[in-house]
Amino acid sequence: MKTLFALARLTLTELYRRKDFYVLFILTAVVTLAAGSVNFFNDEKIIRYVKDLCLLLIWISTLLISVVTAARQIPAECEARTIFSLLAKPVTRGQVLLGKFLGCWLAVGLALLMFYAFFAIVTGSHEHRWPLGGYLQAIWLQWVMLGIVIAMSLLGSIHFAAPSSTSTICFVLVAGIVVVGPHLNTIALQQPQPLQTIAYTVYFLIPHLEWFDVRDRLVYGWASPAWQDIALASVYGAAYAGVFLLLAWLGFRRKSLNPG
Amino acid sequence: MSAILKTDQLRVEFASREFRGTTTTALVGLNLEVQAGEVYGFLGPNGAGKTTTINALLGFVPPTSGTAHLFGIDVRQPIARQRIGYLPELTYYYKFLTAEELLRFYARIFGLSRAESDRRIEKLLKLVELEPVRNRPIKSYSKGMQQRVGLAQALINDPDLLILDEPTSGLDPLGRMKVREIIRRLKDEGKTVFFSSHELGEVETVCDRVAIIHRGELKASGRVADIVQPRHQNLEHAFLETIGYPIP
């Protein structure tokens, strides 16, 4: 565990010393603050619209941070050749992968906390309501979902050498899963065979990231999901992240690392 | 005496990048044995297989056949690397960290306690003379300073065996002298040092035994004096003749 935490800490240190990380963070914070502080004659519909916009921005920003950060971890280690000094220590490739995952997941968790803190302060100051339980559930579910995305990006980074191509492919894939994924079963019904079977198979294989999305509940003030549903979603997320990490490890342990 | 580092009929082949389906043989049945407390020089011209041997010893490159052991443990087991220190030819470190942070990171990897890490970091920064710049990012260091950080990280776990890949490559005469001094000091402390080098004069000065490798094959090994005597003026002559270079 010490090795995993050492690697995770290294990932966090690198992130907070990289300037580009702050650009996205500050941009989201500024837009959240600006949008949230506008007073549209206390029109509830417009306040809801602003909340929806802010939460969408938090979703996109954290997805971007997760994909970009995770996609560059292993390729950057190989490119800078720091992987060789690291693997010359009693560290396995599996530990490197898990440490990187943990570091990215913790980093994105911190970013989520900060974004939601902004959001809560801004909306709370308008509505004089502090639904902390709802916020905590939303943060947790989004964090679990981002765990799947990070594991998926790490898997991609093992197979595509350049971080930029990994980021692009992962982001397109995640966008596809979020936008098209939930409707694949309906689309499948309208397709002839064998397209129908293929669409159904994809529907059942992909992780359903939309199950982790409780933004509407926050925006419209609907009842929070039951805690057992949250637990089930967490198990579902952990299982998918585990499978992606396992596949990444299988690829990484066979990957040729010849520094010569 | 027990062999700390041993390779037995080590063979490494790489798939050719130019011609699909063909392989390039980097090492051909290499047999090496390094005893405890020795300073062992590993010599060969460029492309002879020195770095490939080191990569195989560190588990970066899987042997096609044969075996490699460190402290009697197969190099494919990560635990084989618990008691070694490795200095790569070029400095491959996290340049966003300071020297102190880098050493602390590697200390954590080895599972050292906070107090023990502090003690070793102090000692090593003094040894490599980087104390005044310990809190500066590595990216701002000169080549010589980066090489010394490398040496410090290789020593963080107080290793019994040091594997140094051309440790003085690219250093100025002062830097080379400092690295030689450190190698001598380590030898006096009873450490085993295995290092590859092109600097034959340096090898002659600090090594107990040497091995000469050419085109992946071991051409000669033994005490420096035995290889030089009686036909050669110095190690350079002996080296050139061993690799088949015509000596005027």
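These values consider heavy atoms only, across backbone and side chains, with no hydrogens, waters or symmetry-generated copies.
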* Considering only heavy atoms from C-beta outward, does the side chain of B:Y94 approach that of A:T13 to under 4.5 Å? -> no

* Asked: Tell me, side chain or backbone of B:L97 under 4.5 Å from chain A's heavy atoms, or both, or neither?
  -> both

* To do: Look only at the side chain of B:R81 and the backbone of A:L87, and say whether a donor-acceptor pair between them is shorter than 3.5 Å.
  => yes

* Taking only residues two or more places apart in sequence, or in another chain, which ones meet B:E116 in a salt bridge (Lys or Arg N to Asp or Glu O under 4.0 Å)? -> B:R119, B:R120

* To do: Would you indicate whether B:K143, at its atom NZ, is surrounded by more than 12 heavy atoms from other residues, nucleotides or ligands within a distance under 6.0 Å?
  => yes

* B:Y106 and A:S85: side-chain contact (heavy atoms from CB on, under 4.5 Å), yes or no, with the steps? -> CA-CA 10 Å; B:Y106 286 128; A:S85 302; 3.5 Å; yes

* Structure fact -> One should read off an interatomic distance between A:L15 CG and B:F96 CZ, to the nearest 0.5 angstrom, of 9.0 Å

* Asked: Can you name the salt bridge (Lys or Arg N to Asp or Glu O under 4.0 Å) partners of A:R253, sequence neighbours left out?
  -> none

* Under 4.5 Å, counting heavy-atom pairs only, tell me which of B:L58, B:I109, B:I79, B:I54 racks up the most with chain A. => B:I109

* Asked: Between A:E14 and B:K95, is there a side-chain N and carboxylate O pair less than 4.0 Å apart?
  -> no

* Go through the atoms of A:L4 and report whether side chain, backbone, both or neither lie under 4.5 Å from a heavy atom of chain B. => neither

* For atom NZ of B:K6, decide whether the heavy atoms of other residues, nucleotides or ligands shown that lie under 6.0 angstrom number more than 12. => no

* Could you list which of residues 146-154 of chain A have a heavy atom closer than 4.5 Å to any heavy atom of chain B, in residue-number order? => none

* To do: May I have the step-by-step check of side-chain contact (heavy atoms from CB on, under 4.5 Å) for A:L7 and B:F105, ending in yes or no?
  => CA-CA 8 Å; A:L7 286 161; B:F105 165 65; 4.0 Å; yes

* Could you check B:E101 against A:R17 for salt bridge (Lys or Arg N to Asp or Glu O under 4.0 Å), going step by step and ending with a plain yes or no? => CA-CA 13 Å; B:E101 286 170 338; A:R17 290 199 180 153; 2.8 Å; yes

* A:R9 CZ: over 12 foreign heavy atoms closer than 6.0 Å -> no

* For the atom pair CG (A:L86) and CD (B:Q153), what is the distance rounded to the nearest 0.5 Å? -> 10.5 Å

* **Residues from residues 88-104 of chain A approaching chain B under 4.5 Å (heavy atoms)** => A:A88, A:K89, A:P90, A:V91, A:T92, A:R93

* Mind running side-chain contact (heavy atoms from CB on, under 4.5 Å) on A:F84 and B:D165 for me, showing each step along the way? => CA-CA 12 Å; A:F84 301 111; B:D165 193 0; over 6 Å; no

* Count the heavy atoms belonging to other residues, nucleotides or ligands that lie under 6.0 Å from CZ of B:R215, then report whether that count exceeds 12. => no

